[in-house]
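Here's the structure, in structure tokens; my notes come after.
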Amino acid sequence: MQAPLPACSEQEGSLCAQHCLNNLLQGEYFSPVELSSIAHQLDEEERMRMAEGGVTSEDYRTFLQQPSGNMDDSGFFSIQVISNALKVWGLELILFNSPEYQRLGIDPINERSFICNYKEHWFTVRKLGKQWFNLNSLLTGPELISDTYLALFLAQLQQEGYSIFVVKGELPDCEADQLLQMIRVQQMHRPKLIGEELAQLKEQRVQKTDLERVLEGNDGSGMLDEDEEDLQRALALSRQQIDMEDEEADLRRAIQLSMQGSSRNISQDIPQTSGTHLTSEELRKRREAYFEKQQQQQQQQQQQEEDPPGQLSHPCERPTTSSGALDGDLGDAMSEEDMLQAAVTMSLETVRNNFKMEGKK
């Protein structure tokens, strides 16, 4: 059965002595002003004792120049202040590892509470009901200590340099003690130090702020990591480069096919030597010879038309084709160039249209 944990005052500044006393008594019984009043009273008592040796003595003047040993500006209070504050409640402090107390041979489990001090930090370990609790004000809450672990816990504190005081006397009644007399506490999670808790909360706030800043900067759409952005840009450039290379390859193939088709048409009108591959230069020269032959035949035809009928100067050179046929051959020869240009243009247009369609997809 889960029960409410006893109250544990949160640390404020360095007023750990105040929190130690209030956690021990389980109530807001002491304030910094009241503890300061006790400290001033102790300082005055010490001054009066020093004055008994003479107000002009070197020891007295040195005492007046020294700061108070019972309190300081940070809120620290001495063991004398805590001891005098507890006397109001009829409580007494005994050093746990002193020879006088060790001779008593009392088991720590049979005590009711301890006050622990290391340098300027004070905290209480108290039994409430039938269970022990570490009421350290630097923790986010009371820490449950089992009976078997109590002796080990106190021994560990001593090894760390803590001074441990046993609180002797009847503690005032408190609600937590009455409640825990009837039920036992089951603590599922150990409390953390306030510093660790604050650091974790601060880190969570920083992460939340960074996330909100990122979302605001991107209108809530989020932002890709820099590595992922670089990868996306590299892939886009790679695809663009591949597309350009494919386009250039297709263009070259189209031109090559067009040139091959035109060469086949021209070669049909030009006699070739069997088994011989003609270069483009040889094709050009034979084409020029073909045109020259056609022009000679045309000139001969014109001369025959100028001679009177029945008089043929060169009967053996009568052409076998008419002038219309010659014009047709010349027209066919000229149209071959036009057909070549048209084929190249159509091939280029087809390639461009294909890339446009792929880009839209």
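For clarity, every value in this text was computed on a predicted model and none was experimentally measured.
The structure places CG of Asn134 at 4.0 Å from CZ of Phe153, a figure rounded to the nearest 0.5 Å. Taking OG of Ser36 as the reference point, atom CZ of Phe77 lies at 3.5 Å (rounded to 0.5 Å). Rounding to the nearest 0.5 Å places CD1 of Ile115 at 5.0 Å from CG of Leu24.
Between the side chain of Asp177 and the backbone N or O of Leu128 there is no donor-acceptor pair closer than 3.5 Å. In this structure, Gln131 contributes its side chain and Val185 its backbone to a donor-acceptor pair below 3.5 Å. Asp59 places no side-chain N or O within donor-acceptor distance of the main-chain N or O of Met50, the cut-off being under 3.5 Å. Checked by atom type and distance alone, the side chain of Ser83 never pairs as donor or acceptor with a backbone atom of Ile79 at under 3.5 Å. Looking only at distances, a side-chain donor or acceptor of Thr140 sits under 3.5 Å from a matching main-chain atom of Lys192.
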Intermediate values then yes/no, salt bridge (charged side-chain N to carboxylate O under 4.0 Å, His left out), Arg49 and Glu52:
CA-CA 5 Å; Arg49 286 196 298 270; Glu52 293 177 356; over 6 Å; no
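Residues meeting the ring pair (Phe, Tyr, Trp, His ring centres under 6.0 Å) test with Phe63, sequence neighbours left out: none. Residues satisfying the side-chain hydrogen bond (donor to acceptor under 3.5 Å, both in side chains) criterion with Thr148, sequence neighbours excluded, are Ser146.
Between the side chains of Ser163 and Asn117, not a single donor N or O lies within less than 3.5 Å of an accepting N or O. Neither side chain, Thr124 nor Asn23, offers a donor N or O lying under 3.5 Å from an acceptor on the other. Between the side chains of Asp72 and Ser74, at least one donor N or O sits under 3.5 Å from an acceptor N or O.
Across all non-hydrogen atoms, the minimal contact from Trp122 to Ser78 is CZ2-C, 4.1 Å. In terms of heavy-atom proximity, Trp132 sits nearest to Glu111 at CZ2-O, 3.2 Å. Among all heavy-atom pairs drawn from Gln102 and Asn97, the shortest one is NE2-CA, 3.5 Å.
A side chain to side chain contact (heavy atoms under 4.5 Å, CB included) with Pro108 is found for exactly one of Asp147, Leu154, Ile164, namely Leu154.
Salt bridge present: Arg190 and Glu143 bring a charged side-chain N and a carboxylate O closer than 4.0 Å.
Side-chain contacts under 4.5 Å among hydrophobic residues (ILVMFWY), followed directly or transitively, place Val33 with no other residue at all.
Between Tyr29 and Trp89, the distance separating the two ring centers is shorter than 6.0 angstrom.
The environment of OH in Tyr118 is sparse: at most 12 heavy-atom neighbours from other residues, nucleotides or ligands sit within 6.0 Å.
Ring geometry, Phe96 versus Phe114: the interplanar angle exceeds 60°, so the pair is classed perpendicular (tilted spans 30 to 60°).
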